[in-house]
Trainee: 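My questions will all concern the structure given below.
Note that the numbering runs from 1 along the sequence shown for the chain.
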Amino acid sequence: MARSYSVYDVFTDRKLAGNPLAVIFDGDDLSDDAMQAIAKETNLSETVFVQPTGNPAYTARIRIFTPGRELPFAGHPTVGTAIALAERAHGKSTIDLVSVLEENVGPVRCAVRLREGEASFAEFDLPRKSQQITMPLDKLGIANALSLKATEIGFENHVPSLWSAGVPFLMVPIHDIGAAQRMDFDPQLWEATVPFVDGALASAYIYCRGGVNHIAKFHARMFASGMGIVEDPATGSAAAALSGAIHHFDRLTDGRHDVMIEQGVEMGRPSFIHLHMDVEGGAIANARIGGQAVRIASGTLDL
């Protein structure tokens, strides 16, 4: 059977940057094993399989696979798939629309903006608010796994902490961009040091203030050897989890807070993730993740 697919570069407005995503549009009769095998074949950080949904209010059901396992939710697949489905239905016309993607984490509401001659943009409401996971953490062991000094771990009142908005990440604040560029991730030391959460190894999300690009408020890197990802150029689910850490450590005041996160710089694939948080009564009332995406390839799988 010929199955149509597209590859999008996500969280970027130009090709050959951002985070690549494969979207398989005809995924309704594939087994779990087949989807996992295809994800290994594409060898991208995530591959999405679009399936029919039983709810007429939803645009589609999607399944998200890394080369190593299925995820209940992920940011760059949500942004990229929302844009891919909108462009497939409407071309590159100028239109604003809302779609709902049914993911394993639950329904995810997406606002999509198509503009002729411009990279499309999508933004989604977090299906779950970021929650802290309390577990003992070994600061020295974390530093060793990153080939950094213990004194380079943490800045201001930010310390290593575990957060999840659907996928758990160990958030590691580091002193500055120099440390982020100099660090060397050791997956064996990481696995020996950090905890497992819900049966899966917590992925590493390293962040600091500032950015190579002046519009960025945070600079980040993400490593997920447990998912089969050596390093990820853009991780929306990690940015979603980071919202909790930012609010917790920075004690955000009530109102809207807009944060631009850059990632993938060290990989030569700069990405820009929009994070918006609405704080009410000292708590995050709503949070959204957004970004642009551009199609780089289309074709068929003979499977």
Trainee: Just distance, no hydrogens or angles: give the donor-acceptor pairs under 3.5 Å from side chains in residues 239-252, sequence neighbours left out.
Mentor:
residue, atom, partner, partner atom, Å
Ser243, OG, Ala240, O, 2.5
His247, NE2, Gly282, O, 3.0
Asp250, OD1, His158, NE2, 2.8
Asp250, OD1, Arg209, NH2, 2.7
Asp250, OD2, Arg209, NH1, 3.3
Asp250, OD2, Arg209, NH2, 3.3

Trainee: If I compare all heavy atoms of Ala293 with all of Tyr8, which pair ends up nearest, and what's the gap?
Mentor: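 Closest approach of Ala293 to Tyr8, heavy atoms only: CB-CD2, 4.1 Å.
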Trainee: Looking only at heavy atoms, what is the nearest atom pair of Gly281 and Asp254, with distance?
Mentor: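 Heavy atoms only, the tightest pair is N-OD2, 3.0 Å.
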Trainee: What side-chain donor-acceptor pairs closer than 3.5 Å can you find for residues 110-119, not counting sequence neighbours?
Mentor:
residue, atom, partner, partner atom, Å
Arg115, NH1, Asp96, OD1, 3.1
Arg115, NH2, Asp96, OD1, 3.1
Arg115, NH2, Asp96, OD2, 3.3

Trainee: Hey, could you give me the CD1/CG distance between Ile38 and Asp33, rounded to the nearest 0.5 Å?
Mentor: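 It is 11.0 Å, given to the nearest 0.5 Å.
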Trainee: Would you find a donor on one side and an acceptor on the other, under 3.5 Å apart, between the side chain of Glu87 and the backbone of Ser93?
Mentor: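 No, the answer is negative, given that no donor and acceptor are paired below the 3.5 Å cut-off.
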Trainee: Please determine, by modelled atom types, if His219 and Gln181 share a side-chain donor-acceptor pair under 3.5 angstrom.
Mentor: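 Judged by distance alone, the side chains do not pair up.
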Trainee: For the hydrophobic clusters of this structure (ILVMFWY residues joined by side-chain heavy atoms under 4.5 Å, transitively), does one cluster hold both Trp163 and Val105?
Mentor: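 Yes, Trp163 connects to Val105 through the hydrophobic network.
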Trainee: Any side-chain heavy atom of Leu21 sitting closer than 4.5 Å to one from Pro77?
Mentor: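 Heavy-atom side-chain distance check passes, below 4.5 Å.
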Trainee: Mind checking who shares a hydrophobic cluster with Val172, ILVMFWY linked at side-chain heavy-atom distances under 4.5 Å?
Mentor: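 Answer for Val172: Ile133, Met135, Leu137, Ile142, Leu146, Leu148, Ile153, Leu162, Leu170, Ile174, Met183, Phe185, Trp190, Val194, Phe196, Val197, Leu201, Ile206, Phe223.
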Trainee: First locate atom CD of Gln292, then atom CD1 of Ile83, and finally report the distance between them rounded to the nearest 0.5 Å.
Mentor: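 Going from CD on Gln292 over to CD1 on Ile83, the span is 8.0 Å.
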Trainee: Show me the donor-acceptor pairs within less than 3.5 Å that the side chains of residues 45-59 make with the rest of the protein, sequence neighbours left out.
Mentor:
residue, atom, partner, partner atom, Å
Ser45, OG, Asn19, OD1, 3.1
Ser45, OG, Asn19, ND2, 3.4
Ser45, OG, Asp232, OD1, 3.2
Glu46, OE1, His76, ND1, 2.8
Thr47, OG1, Thr42, OG1, 2.7
Gln51, NE2, Gly27, O, 3.0
Thr53, OG1, Asn55, N, 3.2
Thr53, OG1, Glu102, OE1, 2.7
Asn55, OD1, Ala57, N, 2.8
Thr59, OG1, Val100, N, 3.3

Trainee: Is a side-chain donor or acceptor of Thr235 paired with a backbone partner of Ser237 at a separation under 3.5 angstrom?
Mentor: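 Side chain of Thr235 to backbone of Ser237, a donor-acceptor pair under 3.5 Å: no, none is there.
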Trainee: With salt bridge (Lys or Arg N to Asp or Glu O under 4.0 Å) as the rule and sequence neighbours excluded, what pairs involving residues 129-149 come up?
Mentor: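 Every pair satisfying salt bridge (Lys or Arg N to Asp or Glu O under 4.0 Å) with a residue in residues 129-149: there are none.
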Trainee: What are the two closest non-hydrogen atoms of Phe11 and Gly236, and how far apart are they?
Mentor: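 Where Phe11 meets Gly236 most closely, the heavy atoms are CE1-N, 4.1 Å.
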Trainee: Could you go through residues 296-303 and list every donor-acceptor pair under 3.5 Å that involves a side-chain atom there, pairing it with any protein atom two or more places apart or in another chain?
Mentor:
residue, atom, partner, partner atom, Å
Ser298, OG, Ser6, OG, 2.9

Trainee: Any side-chain donor paired with an acceptor under 3.5 Å for Asp26 and Ser4?
Mentor: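 A pair is found: one side chain offers a donor N or O, the other an acceptor, under 3.5 Å apart.
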Trainee: For Ser225 and Glu191, test the side chains for any donor-to-acceptor distance below 3.5 angstrom and give the result as yes or no.
Mentor: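 No pair is found: no donor N or O on one side chain lies under 3.5 Å from an acceptor on the other.
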Trainee: From Leu30 CG over to Phe65 CZ, what is the distance, rounded to the nearest 0.5 angstrom?
Mentor: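 If we round to the nearest 0.5 Å, Leu30:CG and Phe65:CZ are 9.5 Å apart.
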Trainee: Got a list of side-chain donor-acceptor pairs under 3.5 Å for residues 267-276, not counting sequence neighbours?
Mentor:
residue, atom, partner, partner atom, Å
Arg269, NE, Gly18, O, 2.8
Arg269, NH2, Asp9, OD1, 3.1
Arg269, NH2, Ala17, O, 2.9
Ser271, OG, Pro233, O, 3.0
Ser271, OG, Arg269, O, 3.2
His276, ND1, Arg256, NH2, 3.2
His276, ND1, Asp258, OD1, 2.6
His276, NE2, Glu123, OE2, 3.2

Trainee: With a 4.5 Å heavy-atom cut-off, do Leu85 and Leu101 have their side chains touching?
Mentor: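 Yes, close enough: below the 4.5 Å cut-off.
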Trainee: On a heavy-atom basis, which atom in Ala220 and which in Tyr205 lie closest, and how many Å separate them?
Mentor: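 Residues Ala220 and Tyr205, closest heavy atoms: CB-OH, 3.3 Å.
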Trainee: Out of curiosity, Asp176 CG to Cys208 SG, how far, rounded to the nearest 0.5 Å?
Mentor: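 Reported value, rounded in 0.5 Å steps: 6.5 Å.
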Trainee: Does Val79 share a hydrophobic cluster with Ile62, counting links as ILVMFWY side-chain heavy atoms below 4.5 Å and allowing steps through other members?
Mentor: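 In one cluster with Val79: Ile62, yes.
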Trainee: Specify the closest pair of heavy atoms between Asp186 and Gln188, including all atoms of both residues, with the distance to one decimal.
Mentor: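 Here Asp186 and Gln188 meet closest at OD1-N, 3.0 Å.
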Trainee: Taking salt bridge (Lys or Arg N to Asp or Glu O under 4.0 Å) as the cut-off, I'd like each qualifying pair that reaches into residues 58-68, sequence neighbours left out, listed once.
Mentor: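 Listed by first then second residue: Asp32-Arg63, Arg63-Glu70.
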Trainee: Taking all non-hydrogen atoms of both residues into account, name the closest pair between Arg69 and Ala200 and its distance.
Mentor: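 Residues Arg69 and Ala200, closest heavy atoms: NH2-CB, 3.9 Å.
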Trainee: State whether the number of non-hydrogen atoms from other residues, nucleotides or ligands found under 6.0 Å of Lys15 atom NZ is greater than 12.
Mentor: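 Incorrect, the count does not exceed 12.
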Trainee: Would you say that Pro160 contacts Pro173 through its side chain, given a criterion of any heavy-atom pair below 4.5 Å between the two side chains?
Mentor: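 Contact flag for Pro160/Pro173 side chains = yes.
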Trainee: Considering residues at least two apart in sequence or located in another chain, which fulfil the salt bridge (charged side-chain N to carboxylate O under 4.0 Å, His left out) criterion with Arg88?
Mentor: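 Testing Arg88 for salt bridge (charged side-chain N to carboxylate O under 4.0 Å, His left out), a comparison that skips the adjacent residues, returns none.
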Trainee: Cluster partners of Val294, using ILVMFWY side-chain heavy atoms under 4.5 angstrom, listed by chain and number?
Mentor: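 Hydrophobic cluster check, Val294: no partners found.
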Trainee: Assigning hydrophobic clusters by single linkage (Ile, Leu, Val, Met, Phe, Trp, Tyr; side-chain heavy-atom cutoff under 4.5 Å), is Val259 placed with Tyr207?
Mentor: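 Val259 clusters together with Tyr207.
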Trainee: Just by modelled atom types, is the Ala224 backbone N or O under 3.5 Å from a matching donor or acceptor in the Ser203 side chain?
Mentor: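 Pair absent, no side-chain N/O of Ser203 close to backbone of Ala224.
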Trainee: Which pairs with one or both residues in residues 199-208 pass salt bridge (Lys or Arg N to Asp or Glu O under 4.0 Å), sequence neighbours excluded?
Mentor: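 Sorted result for residues 199-208: empty, none.
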Trainee: Atom CD of residue position Glu41 - does it have more than 12 heavy atoms of other residues, nucleotides or ligands inside 6.0 Å?
Mentor: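 No, because the 6.0 Å sphere around CD of Glu41 holds 12 heavy atoms or fewer from other groups.
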Trainee: Main chain of Glu231, side chain of Arg221: is a donor-acceptor contact present, judged purely on distance under 3.5 Å?
Mentor: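 Here the side-chain-to-backbone pair does not exist.
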Trainee: Under 6.0 Å between ring centres: does that hold for Phe124 and Phe73?
Mentor: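 Aromatic pair counts; centres sit under 6.0 Å.
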Trainee: In terms of hydrophobic clusters joined by side-chain contacts under 4.5 Å, are Ile284 and Phe218 together?
Mentor: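 Looking at the clustering, Phe218 is in the same group as Ile284.
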Trainee: What residues, two or more places apart in sequence or in another chain, satisfy side chain to side chain contact (heavy atoms under 4.5 Å, CB included) together with Asp29?
Mentor: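 Result, side chain to side chain contact (heavy atoms under 4.5 Å, CB included) vs Asp29: Met1, Arg3.
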Trainee: Say whether Leu126 and Leu71 are linked into one hydrophobic cluster, either directly or through other cluster members, by side-chain heavy-atom distances under 4.5 angstrom.
Mentor: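 Both belong to a single hydrophobic cluster.
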